[in-house]
Amino acid sequence: MVRANGAVSLRELARVVQTSEVTVRRDVRALEAEGLLDRRHGGAVLPGGFTRESGFPQKSHLATAEKTAIADLAAGLVSEGEAVVVGAGTTTQELARRLARVPGLTVVTNSLLVAQALAHANRVEVVMTGGTLRGSNYALVGSGAEQSLQGLRVSRAFLSGSGLTAERGLSTSNMLSASVDRALVQAAGEVVVLADHTKLGADTMFQTVPTDVITRLVTDEPPPHDDRAETELQALADRGVQVAVAGTPSAAPERGRPEVPMPTPRRAAPQGGNHSGGHHPGNHNHPGPSAGPAGGAPPGHLRSAPAPAVPPRVADLAPRRR
């Protein structure tokens, strides 16, 4: 499976071979000792995976249930009439499919897949960057993409990547993609990172978003005994990142995390001169400021789309007192 897909999660392996994740983890450890693969937190990749980037076909088959739950939860952050940036990636593509139901939305993206998911959405305007097409992930990169984002201002950016740590933040293995992601961040009042548990603790070559710039993380429940992922989540929370955990049909049971509303953003929008295009995060003159796509929760609260078998939940990881 790793040879076919480039990467695989322990949870998915356990489901396919119909055994426990404990057994799978032991077998993966033995395969790593033989040099056949490299272990990653919550999964495994081909040897040398630190610098290797899987193509879209491989990524699209990895942690699919987790990405769906993350997208369901993240979509609740977007309100009618808002302007947002959505970066490239398989998780952000899932998010775009759900944003198609939000009327009056403006989405700025450098991803052909995100634009395709929104192409036939009613009352959703899609603005694409310029740039050079990068075929491995169907994204527009380069100076053309970066220049088209200058002077833009939107309420928030939704980004994914190859790895996420408390020390370095979000990172990716491609320099051109990292540069465009940094330009997307500059256009947004707050940054929401979408990352499944397999990316927690993974560190790749090029930093895209430092930890202190990340406002929120939407992720899934790490598997049992994945202490490193749990430690990384707590470390991110200690650094001020608001952490929301989405439940999946195969997610582990609750471990003492209370269901709470999502906190309001922890940082104000960056100050600057006049900006054109999109909405400033402090401007509430768009329609429906107190209702999201589901028409219920107030701004600053996560509202899930129609729930999977186990409904998404929101977990507030409070910083530890030292």
Between [X] and [Y], is any side-chain donor less than 3.5 angstrom from a side-chain acceptor?
X	Y	result
Lys199	Ser160	yes
Ser171	Thr204	yes
Asn174	Thr172	no
Gln242	Arg216	yes
Glu167	Thr211	no

*Go through the steps to decide whether Glu66 and Arg11 satisfy the test salt bridge (charged side-chain N to carboxylate O under 4.0 Å, His left out), and finish with yes or no.*
CA-CA 10 Å; Glu66 291 85 348; Arg11 186 176 294 166; 3.0 Å; yes
Whether the side chain of [X] engages the backbone of [Y] through a donor-acceptor N/O pair (distance < 3.5 Å, no angle test) should be reported.
X	Y	result
Asn110	Leu140	yes
Thr165	Asp203	no
Ser155	Ala83	yes
Thr23	Thr19	no

Are [X] and [Y] side-chain neighbours, meaning at least one heavy-atom pair lies under 4.5 Å?
X	Y	result
Leu149	Thr129	yes
Val114	Leu99	no
Leu236	Leu164	yes
Leu10	Val28	yes
Asp181	Val209	no
Val86	Val154	no
Glu82	Arg156	yes
Pro210	Val213	yes

Working to the nearest 0.5 angstrom, can you tell me the gap between [X] [atom1] and [Y] [atom2]?
X	Y	atom1	atom2	result
Leu152	Gln186	CG	CD	11.5 Å
Asp196	Thr91	CG	OG1	6.0 Å
Ser111	Asn137	OG	CG	7.5 Å
Arg15	Ser9	CZ	OG	8.5 Å
Leu73	Asp220	CG	CG	11.0 Å

Taking all atoms of both residues into account, what is the closest heavy-atom pair of [X] and [Y], and its distance?
X	Y	result
Glu21	Pro224	OE1-CD, 4.2 Å
Phe206	Ala178	CB-CB, 3.7 Å
Arg228	Gly201	NH2-O, 4.4 Å
Val126	Ala115	CG1-CB, 4.0 Å
Ser162	Ser173	OG-N, 3.8 Å
Gln93	Ala117	O-CB, 4.4 Å

*List the steps and the verdict of side chain to side chain contact (heavy atoms under 4.5 Å, CB included) for Glu232 and His197.*
CA-CA 10 Å; Glu232 205 69 54; His197 70 272; over 6 Å; no
*Show your reasoning for whether side chain to side chain contact (heavy atoms under 4.5 Å, CB included) applies to Leu176 and Thr132.*
CA-CA 10 Å; Leu176 293 175; Thr132 302; over 6 Å; no
*Leu184 and Leu159: CA distance, side-chain angles, deciding distance, side chain to side chain contact (heavy atoms under 4.5 Å, CB included) verdict*: CA-CA 9 Å; Leu184 293 172; Leu159 297 177; 3.8 Å; yes
*Test Phe158 against every option in Val85, Thr109, Leu77 by the side chain to side chain contact (heavy atoms under 4.5 Å, CB included) rule and name the one that passes.*
Leu77
*State plainly whether the residues Glu94 and Arg97 are in salt-bridge range, i.e. N to O under 4.0 Å.*
yes
*Taking NZ, NE, NH1 and NH2 as the nitrogens, is one of them in Arg239 or Asp212 under 4.0 Å from a carboxylate oxygen of the other?*
no
_Tell me whether the count of non-hydrogen atoms from other residues, nucleotides or ligands lying under 6.0 Å of CD in Glu32 goes above 12._
yes
*Are Val22 and Leu31 connected, step by step, through hydrophobic side chains (Ile, Leu, Val, Met, Phe, Trp, Tyr) whose heavy atoms are closer than 4.5 Å?*
no
*asked:* Pair Thr92, Leu194 - check side chain to side chain contact (heavy atoms under 4.5 Å, CB included), show working.
replied: CA-CA 7 Å; Thr92 52; Leu194 311 182; 4.2 Å; yes
*Could you give me the CA-CA distance, side-chain angles and deciding distance for Lys67 and Asp72, then say whether salt bridge (charged side-chain N to carboxylate O under 4.0 Å, His left out) is met?*
CA-CA 9 Å; Lys67 292 174 182 177; Asp72 284 338; over 6 Å; no
